[in-house]
A.B. asks: 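Take this structure first; my questions come after.
Letters A, B, ... are given to chains in the order of the sequence lines, protein chains preceding strands, and every chain is numbered from 1.
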2 protein chains.
Amino acid sequence: MAEQKTAYHHGDLPRALKSAALDLISEHGVTGFTLREAARRAGVTHAAPYRHFSDKSALLAALAEDGFSELRRRLEEAADQAGDDPLARFVSLAPAYVRFAVEQPSYFRVMYGFDAPDKMKYERLGEADDAAFAVLVEGVRMAQEKAAFIHGDTQRIAILAWLMVHGLAHAHIDGALTRRGIDADNIDEALAQGSELMMRGFLAGSG
Amino acid sequence: MAEQKTAYHHGDLPRALKSAALDLISEHGVTGFTLREAARRAGVTHAAPYRHFSDKSALLAALAEDGFSELRRRLEEAADQAGDDPLARFVSLAPAYVRFAVEQPSYFRVMYGFDAPDKMKYERLGEADDAAFAVLVEGVRMAQEKAAFIHGDTQRIAILAWLMVHGLAHAHIDGALTRRGIDADNIDEALAQGSELMMRGFLAGSG
DNA sequence: ACCTGAACACCGTTCAAGT
DNA sequence: ACCTGAACACCGTTCAAGT
């Protein structure tokens, strides 16, 4: 998985660097990722990355951007597979989100860590984030329009829905849940219970 | 705020280092915190910290531990000021939690960042975390016992309640909310709406 | 256009030595 | 018991130079 150094030299160095960075993050966390080590693994000198990324955080920003694109793809896929019912589509987003976090924790870390690249500074990154979030907003909008979903500011409601799911994914990744009895075996169950609680709040006027 | 170097030399170097570290984190993030710079600000040589902390992450762990103690203090204070009604006590925890995150973002970052010190490795840190979380669990337990609160696993329900509030605080600190129209001016309003939604889910059998 | 190699100013950590 | 100073193996970033 890291032995094909030969092709990179006139090949796709940006891709090779991002791939190495992702490996490093899963091995040692974002803090443990190093531009020089990534260059080494890509079979290239420590100064070479600067031909493709202006600095370390630019590489992380590119990585996070890829992550948001993938997240968006997964959310859209989940909604599409859920069919036409607006509530079913909305509810399907939660497990898709959590599954992404669990299967791609390294992406999740660069996307949402405290020291993640600044979404204001890296414009394309901010746009990728917005595009993924837009799937959720659209889910709320349709549910408000065609189902008994709570009224009010669509974006605000989408944020509140996102928070719990995001919190679950986040806390699971950094082990906060495992220490409290929620692990890979029952995270789906916890998520289902959480979704149910949330939906009870979101369904306007239902008992 | 950083000019009293003179007293430290035979004074309280651990405290001085933690204080400098906290300043550095608020200036440059956890990533930007450096043991050498903290030593410099404490008026001491770069090797001196090793007499008090085994390494960099041990200092961060001590800092996070302080943060959890302070959070616990605030949660207990909020509940006590809310009086005797179990629901009022429970509901009062949310704004107290968010206020801590907003007022002490540097503590929050060391406590809950992805690369935060390992709560398994640093035993006292894990205990401080548990002690803060226990306030929330106790709130749920009392609400279940003396009010129309949803039944089921107390700890599990406490986690779900925590997730949304934690997610709100977390997302606010790293700017994810500001980009979506929630800032210091209306975070209380968003929190209130979120709490209301949550409570609708938590209150068993109510319409 | 893309990469190398030397250079600079930083780190974390260790260790002998000082008081 | 606590701190210093030198040392080592690392970083991120820049820049002249090579192809």
A.B. asks: Between A/R51 and A/R36, just flag the one whose closest nucleotide in DNA chain C comes earlier from the 5' side.
C.D. replies: A/R51

A.B. asks: Can you find a heavy atom in the side chain of A/L35 that is under 4.5 Å from one in the side chain of A/H46?
C.D. replies: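 With C-beta onward as the side chain, the pair stays apart.
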
A.B. asks: Given side chains that start at C-beta, do those of A/F108 and A/H170 come closer than 4.5 Å, heavy atoms only?
C.D. replies: yes

A.B. asks: What does D/dC2 pair with, Watson-Crick or G-U, if both distances are under 3.5 Å?
C.D. replies: C/dG18

A.B. asks: Over how many whole Å does the gap from A/D55 atom CG to D/dT13 atom C1' extend?
C.D. replies: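 Answer to the nearest Å: 9 Å.
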
A.B. asks: Can you tell me how far C1' of D/dT13 sits from CZ of A/F53, to the nearest Å?
C.D. replies: 16 Å

A.B. asks: Any carboxylate oxygen within less than 4.0 angstrom of a Lys/Arg side-chain nitrogen, looking at A/R89 and A/D84?
C.D. replies: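 Here A/R89 does not pair with A/D84 in a salt bridge, since their nearest N and O are not under 4.0 Å apart.
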
A.B. asks: As a test of reading the structure: which of C/dT13, D/dT4, C/dG5 is closest to the side chain of B/Y50, going by heavy atoms?
C.D. replies: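 The nucleotide sitting nearest to the side chain is C/dT13.
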
A.B. asks: Would you kindly give the NE2-to-P distance between A/H28 and C/dG12, to the nearest whole Å?
C.D. replies: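 Value for this atom pair: 17 Å.
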
A.B. asks: Starting at atom NE2 of A/H46, determine the distance to atom C1' of D/dC11, rounded to an integer number of angstrom.
C.D. replies: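 A/H46 atom NE2 is separated from D/dC11 atom C1' by 10 Å.
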
A.B. asks: Out of C/dG5, D/dG12, D/dA6, which nucleotide sits closest to the side chain of A/T45?
C.D. replies: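 The answer is C/dG5.
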
A.B. asks: Could you check which of C/dG12, D/dT14, D/dT13 has an atom nearest any side-chain atom of A/K56?
C.D. replies: D/dT13

A.B. asks: Look at B/T34 and C/dC10 and indicate whether a side-chain polar atom (N or O) is within less than 4.0 Å of OP1 or OP2.
C.D. replies: no

A.B. asks: Of all the choices, D/dT4, D/dA7, D/dT13, which nucleotide is nearest to the side chain of B/A48 once you look at every atom?
C.D. replies: D/dT4

A.B. asks: Base, sugar-phosphate or nothing for B/H52? Non-hydrogen atoms, less than 4.0 Å.
C.D. replies: sugar-phosphate

A.B. asks: Mind checking who D/dA7 pairs with, Watson-Crick or G-U wobble, both distances under 3.5 Å?
C.D. replies: C/dT13

A.B. asks: With a cut-off of less than 4.0 Å, is there a side-chain N or O of B/R40 near OP1 or OP2 of C/dC11?
C.D. replies: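 It does, given that an N or O in the side chain of B/R40 lies less than 4.0 Å from OP1 or OP2 of C/dC11.
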
A.B. asks: Does this structure show an ion pair linking A/E127 with A/R124, if we count only N-O contacts that are shorter than 4.0 Å?
C.D. replies: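 Answer for the salt bridge query: no.
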
A.B. asks: Keeping the roles fixed (side chain from B/K56, backbone from B/F33), state whether a donor-acceptor pair exists under 3.5 Å.
C.D. replies: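 At least one qualifying donor-acceptor pair exists.
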
A.B. asks: Whole angstroms only, please: what is the CZ-C1' distance between B/F33 and C/dG12?
C.D. replies: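 Atom-to-atom, B/F33 to C/dG12, this comes out as 11 Å.
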
A.B. asks: Output the single nucleotide from C/dC3, D/dC3, D/dT13 whose closest atom is nearest the side chain of B/V44.
C.D. replies: D/dC3

A.B. asks: Rounded to whole Å, please give me the gap between CG in B/D115 and P in C/dG12.
C.D. replies: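 It works out to 15 Å between those atoms.
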
A.B. asks: What is the distance from CG of B/L17 to P of C/dG12, rounded to the nearest Å?
C.D. replies: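 Rounding to the nearest Å, CG of B/L17 and P of C/dG12 are 12 Å apart.
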
A.B. asks: Taking atom C1' of C/dC10 as reference, at what distance in whole Å does atom CG of A/L35 sit?
C.D. replies: 15 Å

